[in-house]
J.: 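Structure in structure tokens, see below.
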Amino acid sequence: GHIGRIKIKEQKSVSNYAKAANWYRKAGEAGYSIAMYNLGLLYNKGRIGRIEIKGQESVPDYAEAARLYEVAAAEDFPEAMNNLGCLYKKGHIGLIEREGQDPVPDYAEAARLFRAAAAKGLPEAMNNLGILYEQGHIGRIKIKEQKSVSNYAEAASWYRKAIKRGDFRDSYALLNLERLSRAGCI
């Protein structure tokens, strides 16, 4: 928001995303992984590069956002790993085809990326891992021959790790942990 802002005909200023994208691209080409991450954010949020779909609203170019996050993630940038994991978790990229059924998000790949970012100390990634466990997308516990349940203990463990980092901005992990506790899951 504070760079690349323009004023349009006496209206309040708006971000000049195209100009910002140009500078991010140049910085990224010079080796700054944070610039590739920020450029990925612009694509992910649909600020630039929206894809037109006939008869529908345009959508963000998630594939390009993913490509840019991958570049930054390869340079060990944890926020890029986390955001790339979110794209997988939400099914924006990497859907798994299943015969006779709708495709599903690649939760295993999302978890791998969240783990990598969590290993770098990113509390948002720790919280996201907790969510995957809580919702039963990964780590389900088999209780009967045909039945399994979410691993709430593992979810709570990840939420606690995020809370212990002490810098988790919105305290989502604390709210998630409290919800599990009130529901009697832990």
Side-chain angles (χ1 to χ4, degrees), residues 1 3 17 20-21 23-51 59-97 103-140 150-177 180:
I3 62 169
Y17 298 115
W23 285 109
Y24 287 143
R25 193 169 276 107
K26 287 179 182 182
E29 290 167 359
Y32 292 94
S33 57
I34 191 169
M36 296 306 271
Y37 166 76
N38 284 328
L39 187 55
L41 280 176
L42 291 177
Y43 277 96
N44 191 13
K45 300 293 183 189
R47 306 288 190 234
I48 62 171
R50 292 186 69 85
I51 298 172
V59 297
D61 187 347
Y62 295 119
E64 182 62 10
R67 187 189 72 75
L68 294 162
Y69 288 152
E70 285 170 352
V71 171
E75 299 295 322
D76 286 336
F77 197 74
E79 289 85 353
M81 296 170 189
N82 184 65
N83 284 16
L84 187 55
C86 288
L87 289 177
Y88 277 99
K89 178 181 170 266
K90 293 175 182 175
H92 293 312
I93 61 170
L95 287 173
I96 298 173
E97 300 291 330
V104 295
D106 189 346
Y107 295 116
E109 182 61 11
R112 184 190 72 76
L113 290 158
F114 293 149
R115 272 188 182 58
K120 302 263 179 222
L122 189 69
E124 291 91 336
M126 296 170 192
N127 184 61
N128 285 333
L129 270 170
I131 290 169
L132 288 179
Y133 278 105
E134 181 183 351
Q135 294 176 347
H137 297 306
I138 61 171
R140 291 184 68 84
S150 294
N151 189 339
Y152 297 118
E154 189 66 20
S157 172
W158 281 107
Y159 293 148
R160 286 185 188 104
K161 289 174 186 178
I163 293 164
K164 284 181 184 174
R165 289 286 303 149
D167 58 356
F168 196 63
R169 288 174 241 137
D170 297 316
S171 300
Y172 289 123
L174 181 59
L175 295 172
N176 290 337
L177 187 59
L180 280 179

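Given the structure is predicted, the values throughout are model-derived calculations rather than measurements.
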J.: Using modelled atom types and a 3.5 Å cut-off, is there a donor and acceptor pairing between side-chain atoms of Asn127 and backbone atoms of Pro123?
T.: no
J.: Here's a test for you: under side chain to side chain contact (heavy atoms under 4.5 Å, CB included), which of Ile34, Leu68, Leu39 qualifies with Tyr24?
T.: Leu39
J.: Measuring only between side-chain heavy atoms, which start at C-beta, is Asn128 closer than 4.5 Å to Leu113?
T.: no
J.: Mark yes or no for whether Arg165, through its side chain, and Leu122, through its backbone, hold a donor-acceptor pair below 3.5 Å.
T.: no
J.: Measuring from Met81:CE to Glu75:CD, what's the distance to the nearest 0.5 Å?
T.: 10.0 Å
J.: Should Tyr69 and Asn44 count as side-chain neighbours, where that means a heavy-atom distance under 4.5 Å?
T.: yes
J.: Run the salt-bridge test on Arg67 and Glu70 with the 4.0 Å N-O cut-off and return the result as yes or no.
T.: no
J.: Where do Phe114 and Lys89 land on the side chain to side chain contact (heavy atoms under 4.5 Å, CB included) test, with the steps shown first?
T.: CA-CA 10 Å; Phe114 293 149; Lys89 178 181 170 266; 4.1 Å; yes
J.: Please report the interatomic distance CG(Leu41) to CZ(Arg47), rounded to the nearest 0.5 Å.
T.: 10.0 Å
J.: Between Leu180 and Tyr159, is a side chain to side chain contact (heavy atoms under 4.5 Å, CB included) present by the stated rule, with each step listed?
T.: CA-CA 10 Å; Leu180 280 179; Tyr159 293 148; 3.7 Å; yes
J.: Measure the CG-OH distance between Leu95 and Tyr88 for me, rounded to the nearest 0.5 Å.
T.: 10.5 Å
J.: Could you tell me whether the side chain of Ser150 and the main chain of Glu134 form a donor-acceptor pair under 3.5 Å?
T.: yes
J.: What's the spacing between Glu79 CD and Asn38 CG if we round to 0.5 Å?
T.: 9.5 Å
J.: What's the spacing between Ile138 CD1 and Glu154 CD if we round to 0.5 Å?
T.: 8.0 Å
J.: Can you find a side-chain donor-acceptor pair between Gln135 and Tyr107 that sits under 3.5 Å?
T.: no
J.: In terms of the angle between their ring planes, are Tyr37 and Phe77 parallel, tilted or perpendicular, with boundaries placed at 30° and 60°?
T.: tilted
J.: Can you tell me how far CG of Asn83 sits from NZ of Lys45, rounded to the nearest 0.5 angstrom?
T.: 7.5 Å
